[in-house]
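Step one of this worksheet: look at the structure below.
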Amino acid sequence: MKERAKQELPKTYEPAAYEDAVYAAWEKSGAFKPASDSRKKADKERRPYSIIMPPPNVTDRLHSGHAIMLALEDALTRYHRKRGFDTLYLPGTDHAAIATAAQVDKQLAADGKTRHDLGRADFEKRTLAFAMENKKIIEDQVRAMGTSCDWSRNAFTLDPPRKAAVAEAFKRLFKKGLIYRGSYMVNWCPTCRTVLADDEVVYKEQEGVLYYMKYGPFTLGTTRPETKVGDTAVAVHPKDKRYAKWVGKEIEVKTINGPRTLRVLADEMVDPEFGTGVVKITPFHDKNDYAVYERRPKEAGPPLEVIGEDGKMTEAAGPKLAGLDRFAARKKMVDWLKHEKLLVKKEVHKHSVGRCYRSDDVIEPRISEQWFLKVSDIKKQAARFARDGDLKFVPQRFEKTYLDWLEKLHDWCISRQVWFGHPVPAYVNAKGEVSLTAKPGFKKSQDTLDTWFSSALWPFSTMGWPKQTAPDFKRFFPNDVLETGYDIIFFWITRMVLMTVALDVKPGAGGGAGKGALKPPFHTAYLHGLVRDQRGRKFSKSLGNGVDPLEMIGKYGADALRWMLVTSSSPGNDLKFDEARLVKSRNFANKIWNISRFVTDTVEGEAGLGDLRAETLTTFDRGILHKLYRTAQTVEAAFHDPAAYDKPGKTPEPATPKKLAKPYDLGFAGNALYEFIWSDFADWYLEAAKVQLRNDEAARNTGIILKYVLETILGLLHPFMPFLTEVIWRDGLGKGASGKGSALITSPWPAVHGDLDQPEDGARFDRIREVIETIRRIRAEHQTPAASFVQAYVVTDEPDWIAAAGDVITKLARVSILRVGQNPPTGEVARAAVGDATVVVPLAGLASDAAAAHLQREVEAKRMEIERFKERLANEDYVENAPEHVVAETKAQLAEAEAALAKLEAS
RNA sequence: GGACUCAUAGCUCAGUUGGCUAGAGCGCCUCAUUGACGUUGAGGAGGUCGUAGGUUCGAAUCCUACUGAGUCCACCA
């Protein structure tokens, strides 16, 4: 009798009809929250598992890169939740200070305005409103993906708890002497009117012009003639004989503002091979020149500011240039040089130009008063984590990227002149002295913090830090896995580790093995590849090639999108977005849907595996159970990270997977599931089951197995396709919300008993499958009408278990009379080898022209096979060096092939 | 300049510690079919694994060089 709660499933799976309601039900039931929120003792004892969501920027809606991130993280989360961990997946968004402000700048520019027209307070207000709008859209998208994150802990990098954490972090770091303020050469974006960190500058190769000009007694090449008015010296290489006599002397130079006197100095920085070997020194506006000035302040200084923060020439540049944009000034200067006959020649010069990663404007290096984080000490510890294995990278090669970057890292400029973000919580007086509290003579800093400063605190600022006693901090820090794209290793991953070290954030009570000792904020950094378009290009707004996940979800369903993204990628490798694969994923969802329809329509009752009658199990029954076992082990292996088991606490079902997949290779696991479900289960077992269900002896077992396998695959598949599996669990099987038991999301991970690991059963299943395939092939080759029947004979030494599957073979291969044994018919027959058995199909009445040719081909193939094995075994080196089991295997193969050949030739 | 990744069927990609005749999906060809599913089923064609060397009994897999595609970092007066 059918369960009352069970519903008839429609013929096709329509994701849109279920997804929103299922998500709402999950959320309402509290399934997304950590079990320990329940206050039950057993739940408190569970081992914690935590992932924080890399907070998407509130500059825009999500794109497919976010979709793969959510799909992978949610899969990990759902697995561990079902495994019995106390699981927290913490969502959030990032205010993305400079990027968001840039968006609003753009909006203003469209109205011909700038932020200065609005004023700081209004600009901030408007930007926050813009941010909040996007935040809402993003959160809806995250929901649409089926992400099982705990919204009650939703965080935003600019909300009050995070503000408090940022301010506290700044103060502590300042007190420790790790944050300092000073005047240094920085990257300045004239459009954003702010300083940028080194890695926010994107270098692009482009063709420029190298202008050769007469310069006093010299000729020198420069790409920036407009800075001539800011020159404070001329430099040559100390060993350059050509210019040796000038070193230390003063020269007179003609400028647009009249003659100037400059000193000639010698410095190693000059490359005698480049240009003419003479360099003009502009310390305020060039990094290298500034370095020369630092080494020789008396000779090369003082720096002269001729380009202002707005990219326009300053008063100091002289009345002819002042107020002009730097590029207009360049043109004017070149015209002047021509006019004065000082321009010797122009040369096309390929060089890379630094541009702002947000505005794309050309970066203007300049000296500026900024805040810095000293990294020389903390970066050593950050590197040690990776070397000691406390911080693992998946794939491992990114460890090198991480270490290389740390090694080259200079002090991090953490201040920005952006009007949106965390204020620098400090006061500065006229002398440049700093106070953390308001004092007479001290003014509040107008700077804001680099947006990555707050992101760097994310693993613990989301957990209640700086309160080390906060329950979440104690329980869930350090996090387990930090999953993100490999493109932000530098921006983010390293900075989280650096901040953890700088602030000495030690694990709380949940730290397990790491308790008391300083640990990285997560034990594993899992890097996924970038999603690209079909031409291999990165998705970008300017190219307009982006794919909106919501649109894809609407068309194919969230499960299909998730499945496509997870199964067509492997860790660290890029993937091309291919809509055809999405179609295939949708079809797979529909396949599972229909498997469920078949099973739930046919099978009644609540009997489980324990009710099987072992003595009447068929080859197919045993085989599918073995294959299910293998598949479950593969899926578990992909999810199994031993590091997640270091913490104290219990998991109800300890994982003991065999090493059938590499940890975090979810794509591999997914493909194994796909293969099992579609091929083994749907194409073969279900077809066999249709026969077995009509057989009184086998029917009961078959029903039990159908249902058991279905239930198990729903569990295995749940991390990948949460909606579909939950709907079938509820509507098809009558469990969960509308029936008895719990929803699939929180019900235990399917336990597949080790007793099912019977490789021999799997092999027999495959053998019978091959027999059927062989008969089908023979039929096709002889143009047997599909509706007709053939006779078939299987020559084998082990007739029993093949004969036992006789009714399935006859049905699936359309065989009228099947015989198994030792005396095959002779005459006009087709023969083919299947392992050490032979399939013989009499051709009487069939188109038999091909019979002889067919047999000939079979025999030839066998002979060549035998030849290969013989050659290998004749090779003494092989026999001596190869492992014994490999040699034994070859011998067995040879014997089998020879037996098969003998049978083929027998008649 | 330094580092990394990729190159396997027409296309998109798997291929685990080196070990059977290198796999899948899509596409293509032939066929089937009204009771789970046409978002389906059966059968088939299609690959000198980028090139050249090397290590090994054995290489798509390890090493070296080269070619091509891409990425990151550094630097460029």
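Any value given below was found using the heavy atoms of this structure, including those in side chains, with hydrogens, waters and symmetry copies removed. In what follows, chains are A, B, ... by sequence order, proteins preceding strands, each numbered from 1. Just so it is clear, the structure is predicted and the values come from calculations on it, not from any experiment.
- Close to B:A3, at under 4.0 Å from its OP1 or OP2, lies no side-chain N or O of A:T401.
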Can you check nucleotides 56-64 of chain B for protein contacts, nitrogen or oxygen pairs under 3.5 Å, and list what you find?
| unit_1 | atom_1 | unit_2 | atom_2 | d |
| --- | --- | --- | --- | --- |
| B:C57 | OP1 | A:N881 | ND2 | 3.2 |
| B:C57 | O2' | A:N875 | ND2 | 2.8 |

For residues 484-494 of chain A, run the donor-acceptor check on the side chains, cut-off 3.5 Å, and write out each pair with its distance to 0.1 Å, sequence neighbours left out.
| unit_1 | atom_1 | unit_2 | atom_2 | d |
| --- | --- | --- | --- | --- |
| A:Y486 | OH | A:D574 | OD1 | 2.8 |
| A:Y486 | OH | A:D574 | OD2 | 3.2 |
| A:W492 | NE1 | A:S455 | O | 2.9 |
| A:T494 | OG1 | A:I489 | O | 3.2 |
| A:T494 | OG1 | A:F490 | O | 2.7 |

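- Going from atom OH of A:Y243 over to atom C1' of B:A77 covers 13 Å, rounded to whole Å.
- Taking atom C1' in both B:A24 and B:A14, one finds a spacing of 7 Å when rounded to whole Å.
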Secondary structure string for RNA chain B (Watson-Crick or G-U under 3.5 angstrom, | for other-strand pairs): (((((((..((((.....[...)))).(((((.......))))).....(((((..]....))))))))))))....
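- Taking atom CZ of A:R776 as the reference point, atom C1' of B:G41 lies 8 Å away to the nearest angstrom.
- A:N590 contributes no side-chain N or O that, together with a main-chain N or O of A:T12, makes up a donor-acceptor pair within less than 3.5 Å.
- Contact check, A:K591 against B:C37: no side-chain N or O comes under 4.0 Å of OP1 or OP2.
- Here the P atom of nucleotide B:A24 and the CG atom of A:D683 are 13 Å apart, to the nearest Å.
- Of the listed nucleotides (B:A3, B:A36, B:U39), B:U39 has the atom at the smallest distance from the side chain of A:N590.
- Among the heavy atoms of the strands, none lies under 4.0 Å from A:I281.
- B:G35 atom P lies 9 Å from atom NZ of A:K690, rounded to whole Å.
- Side-chain nitrogen and oxygen atoms of A:K584 include none within less than 4.0 Å of the OP1 or OP2 phosphate oxygen of B:U40.
- Counting any heavy atom pair closer than 4.0 Å across all strands shown, A:R586 reaches a base atom.
- Residue A:N594 has its side chain nearest to B:C37 when only B:U39, B:C37, B:A77 are considered.
- For A:T223, taking side-chain heavy atoms from C-beta onward, the closest of the listed nucleotides B:A36, B:A77, B:U71 is B:A77.
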